[in-house]
Every structure is written in structure tokens, then in C-alpha cells.
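Before any comments, here is the structure.
Just so we're clear, the structure is a prediction, and the values are computed from it rather than from any experiment.
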Amino acid sequence: MPQLRAATESDLHAIGDYLASKLKPDPARYRRFYQYPWMPEKPNLGYLIEDAGRIRGFLGAIYARRELASGPRTICNINSWAVDDDHRQLGLMLAKKLLDQKDMAFTCFTPSDRVIELLTFFKFETWSSEKVLFPIGSGLSRLGAAVRTRVIAGDELCRTADARHRAILDDHAGYHLARFALERGDRRCYVIAGRRGHGVKVFADVLYASDPTLLVESISRAHVYVAHVLRTPIIGIDARWLARVPRDTVTYRKLRPLQYRGVPLAELDTLYSELVPILG
């Protein structure tokens, strides 16, 4: 008799093996999703279908407690949804179990077309996930502002960050991400970015920027640091963060959309999600 239940740490090895058999053949990749450091006492790892001692379906969850402009939120990032064909009828029940958790907002950043359809049924909103790509040299028209901007990284960054951003930086320190700040006068923009894509399509995907306007104004300064850490001359910024798209950029529209429920789009970033271990 199939059972739907919360997945726990003791299931981690079996979850990795199951997802590797259904998705990408890399168990360690999926185990890493649920070994994130920022919430030692996790509510669960998601929900699974168990039948005769075997996993027959799984829906992953990555949790974080966030301090947003609208107030503190527990956010659950949904990922890695797979169900065996002969248990397909229980797939929606997995989602319902996860989404019935109280006082949570939910995100999904890598949905398939089928997942988009299902989460829309559960009242998720969808954003098309357009990235504005800034090639190196694209900030020449803003060079005057960039010259007055200082890049802060390493020990100085963590030492001088405010408490909120120090926590965010510490939470993501174990991943190969570019973590830095841009400072001009009394303004400071904290940035976290990861290397995304393959071959000529590689770019530094900005997962978080506390002041996107300052980032754009100082993009040529950011390029120097990002190119050193992530080995790419292109920086990608969410189009929704920009008041207008600069002329010396390219808009990329071939990424999977973002889906979300219970958190305003304006306050949404892709930290504390499966994108962190994927890109980092």
C-alpha cells in the first residue's frame, strides 16, 4: 500500500539514487540540494511516495527563513519532482501535502511545462524570467559613475556588512559564487552571482542584488571582479529589476520561468534555492 510522507535526513541517500534514476544520472548532485547549511533543523526534505520500502515518487523542498521588505517569511523552494508511471495518480497528492504546510510562501525556479501547468492549478503566479545580458564593455557609457565605485570582497566584505547581509553572505559561503559589494558614497549594493550556461552561452547569473540600479551604473567595475571569480565576461540581471533596458545589452528569453506563491515578485530573488548548488 503506497504511503505519502515527509522525507527526512535518513532518506537522503535513497532520494539521491531515485532522482538520478529519473532525472540527471548524478546522485551526489541531488543529495547536495538538501544539505544546505542555512537551516540545520529543516522541516523536511520534501515529500515522497513509499511503496514496499521503495521510493516511487518525490517532490523536493529547500527551506529558508527570509527577512523581506514585507516582513519575515518562511519560503519553500520546490524542485526535483518525479513520480513513477504506475504511481502517477499520487503525483498531485505530493504537491498538496507540500503546499498544505501553513504560513509558508513557495517558489519554483526550474519548472518543466507540466510543472508550470500543475502549479498554476495551485494558484502560483508565473514570470517569464528574462535576463538582460551585459557583455564586458557594455558599461562604457556609465564609466564616470563606475570610476567612483569601489568593489568590496573577501574579509572586508563580511567584516563591514550589515547584520542582514552578513547572514546572507555566510549562508552562501560554501558555494562557488561571486559574493561582493559595490560602494559609491553612502550607497552599497550587495551582489551574489553564479556561473550559468555552457560554452559560448556562459554568463554570470545575478541571484541577488540589493541595489540593482547601482549595479547597472557600476557594471564595468562588477565585470572585473566577476570575470576573475566566475571566468565569464557577461553578467545577466533579471529584467524585472531594471527600470529600463540599456541599449548596449542583449535580452535573453530562453530560461525557464519563475513561479511563486505568497511572496511579491518585487521581493523575489533566487537565493536559498536549488540554483545555488547548481550554479555554485
Inset, instruction - Examine distances only and state if a side-chain atom of S218 and a backbone atom of R221 form a donor-acceptor pair shorter than 3.5 Å. - result: no
Legend entry - Under-4.0 Å salt bridge between K24 and D26: no
Inset, instruction - With the side chain counted from C-beta on, respond yes when L118 and W81 share a heavy-atom pair under 4.5 Å apart, and no when they do not. - result: yes
Inset, instruction - Would you give the length of the straight line joining atom CZ of R196 to atom CD1 of I234, rounded to the nearest 0.5 angstrom? - result: 14.0 Å
Legend entry - Charged N-O contact under 4.0 Å between R66 and D171: no
Inset, instruction - Would you list the pairs meeting ring-ring contact (aromatic ring centres under 6.0 Å, His included) in which at least one residue belongs to residues 100-130, sequence neighbours left out? - result: none
Inset, instruction - Taking R148 for its side chain and E183 for its backbone only, find out whether a donor-acceptor pair lies under 3.5 Å. - result: no
Legend entry - Side-chain donor-acceptor contact under 3.5 Å, T126 with Q259: yes
Legend entry - Stepwise side chain to side chain contact (heavy atoms under 4.5 Å, CB included) check, I237 with L242: CA-CA 8 Å; I237 304 174; L242 307 181; 4.1 Å; yes
Inset, instruction - With the side chain counted from C-beta on, respond yes when D269 and L207 share a heavy-atom pair under 4.5 Å apart, and no when they do not. - result: no
Legend entry - Beyond-backbone contact of I15 with Y34, side-chain heavy atoms, under 4.5 angstrom: yes
Legend entry - Shortest non-hydrogen separation from G194 to L279 and the atoms involved: CA-CB, 4.1 Å
Legend entry - By side-chain contact (heavy atoms from CB on, under 4.5 Å) - contacts of V229 (at least two apart): H176, A178, Y225
Inset, instruction - Determine yes or no for a side-chain-to-main-chain donor-acceptor pair under 3.5 angstrom, with R195 supplying the side chain and R231 the backbone. - result: yes
Legend entry - Separation between CD1 of I235 and CG of L230, rounded to the nearest 0.5 Å: 9.0 Å
Legend entry - Modelled atom types, side-chain donor and acceptor of T110 and E274, under 3.5 Å: yes
Inset, instruction - Considering non-hydrogen atoms only, spot the tightest contact between G280 and R32 and give its length. - result: O-NH2, 3.2 Å
Inset, instruction - Using a strict cut-off of less than 4.0 Å between a Lys/Arg side-chain nitrogen and an Asp/Glu carboxylate oxygen, indicate whether K131 and D205 qualify as a salt bridge. - result: yes
Inset, instruction - Show the numbers, then the answer: is there a side chain to side chain contact (heavy atoms under 4.5 Å, CB included) between L215 and C189? - result: CA-CA 7 Å; L215 173 57; C189 175; 4.1 Å; yes
Legend entry - Short side-chain to backbone donor-acceptor contact, E267 and P264, under 3.5 Å: no
Legend entry - Donor-acceptor contact below 3.5 Å, side chain D84 vs main chain D86: no
Inset, instruction - Identify the two heavy atoms, one from T149 and one from R184, that lie closest to each other, and give their separation to 0.1 Å. - result: OG1-NH1, 3.4 Å
Legend entry - Note, P72 side chain near R65 side chain (heavy atom, < 4.5 Å): yes
Legend entry - Non-hydrogen atoms of K22 and A82 that approach each other most closely: CB-CB, 3.9 Å
Inset, instruction - Output all residues satisfying ring-ring contact (aromatic ring centres under 6.0 Å, His included) with Y36, sequence neighbours left out; order by chain, then residue number. - result: W38
Inset, instruction - Check the angle between the aromatic planes of F33 and Y30 and answer parallel, tilted or perpendicular using the 30° and 60° thresholds. - result: perpendicular
Legend entry - For S129 against P257, the heavy-atom pair lying closest together: CB-CA, 3.7 Å
Inset, instruction - Please check if Y208 and V263 belong to a single hydrophobic cluster, counting links between Ile, Leu, Val, Met, Phe, Trp and Tyr side chain heavy atoms closer than 4.5 Å. - result: no
Inset, instruction - State, with a plain yes or no, whether a side-chain heavy atom of Y47 is found less than 4.5 Å away from one of L99. - result: no
Legend entry - Which atom of L94 lies closest to which atom of G57, heavy atoms considered: CD1-C, 4.0 Å
Legend entry - Candidate pair E156 and R150, rule salt bridge (Lys or Arg N to Asp or Glu O under 4.0 Å), full reasoning: CA-CA 12 Å; E156 183 185 0; R150 187 167 71 100; 2.9 Å; yes
Legend entry - Check ion pair D11-R5 (N to O, under 4.0 angstrom): yes
Legend entry - Residue pairs fulfilling salt bridge (Lys or Arg N to Asp or Glu O under 4.0 Å) with at least one residue in residues 110-127, sequence neighbours excluded: R114-E117
Inset, instruction - Indicate whether any N or O donor in one side chain lies under 3.5 Å from an N or O acceptor in the other, for R188 and T160. - result: yes
Legend entry - Exam field: side chain N79 to backbone N77, donor-acceptor pair closer than 3.5 Å: yes
Inset, instruction - Look only at the side chain of R179 and the backbone of I192, and say whether a donor-acceptor pair between them is shorter than 3.5 Å. - result: no
Legend entry - Single-linkage hydrophobic cluster L268~I278, side-chain heavy atoms < 4.5 angstrom: no
Legend entry - Same apolar cluster: F180 and V216, side chain cutoff 4.5 Å: yes
Inset, instruction - Find the distance between OG1 (T107) and OH (Y260) and round it off to the nearest 0.5 Å. - result: 12.0 Å
Inset, instruction - Verify the cluster assignment for F134 and L255: are they in a single hydrophobic cluster under the rule of side-chain heavy atoms below 4.5 Å apart? - result: no
Inset, instruction - Would you please name every residue forming a side-chain contact (heavy atoms from CB on, under 4.5 Å) with R54, sequence neighbours left out? - result: R56
Inset, instruction - Give a yes or no on whether L177 and V206 share a hydrophobic cluster (residues Ile, Leu, Val, Met, Phe, Trp, Tyr; joining criterion: side-chain heavy atoms under 4.5 Å apart). - result: no
Inset, instruction - Look up atom CG in L271 and atom NE2 in H172, then write down how far apart they are to the nearest 0.5 Å. - result: 4.0 Å
Inset, instruction - Taking the side chain as every heavy atom from C-beta outward, state whether L12 and Q35 have any atom pair closer than 4.5 Å. - result: yes
Inset, instruction - Evaluate whether atom CG of D162 has more than 12 neighbouring non-hydrogen atoms of other residues, nucleotides or ligands under 6.0 angstrom away. - result: yes
Legend entry - Charged N-O contact under 4.0 Å between R187 and E217: yes
Inset, instruction - Measure the spacing between OG1 of T249 and CZ of R244 and express it to the nearest 0.5 Å. - result: 9.5 Å
Inset, instruction - Kindly say whether G60 contributes a backbone atom to a donor-acceptor pair with the side chain of S80 at under 3.5 angstrom? - result: no
Legend entry - salt bridge (Lys or Arg N to Asp or Glu O under 4.0 Å) evaluation trace for D17 with R31: CA-CA 9 Å; D17 289 345; R31 290 175 193 135; 2.6 Å; yes
Inset, instruction - Output, in order, the C-alpha distance, side-chain angles, deciding distance and verdict of side chain to side chain contact (heavy atoms under 4.5 Å, CB included) for N44 and T8. - result: CA-CA 5 Å; N44 50 66; T8 67; over 6 Å; no
Inset, instruction - Give, for atom SG of C158 and atom CG of D170, the distance between the pair rounded to the nearest 0.5 Å. - result: 5.5 Å
Legend entry - side-chain contact (heavy atoms from CB on, under 4.5 Å) against D155, all qualifying residues, sequence neighbours excluded: R159
Legend entry - D238 side chain to R240 backbone, donor-acceptor under 3.5 Å: no
Inset, instruction - For residues I75 and Y272, determine if any side-chain heavy atom of one lies less than 4.5 Å from a side-chain heavy atom of the other. - result: no
Legend entry - Side-chain (D211) to main-chain (L214) donor-acceptor, under 3.5 angstrom: yes
Inset, instruction - Go through L98 and C76 one step at a time and tell me if the side chain to side chain contact (heavy atoms under 4.5 Å, CB included) criterion holds. - result: CA-CA 9 Å; L98 186 66; C76 171; 4.1 Å; yes
Inset, instruction - Report yes if the side chains of L92 and K96 come closer than 4.5 Å at any heavy-atom pair, otherwise no. - result: no
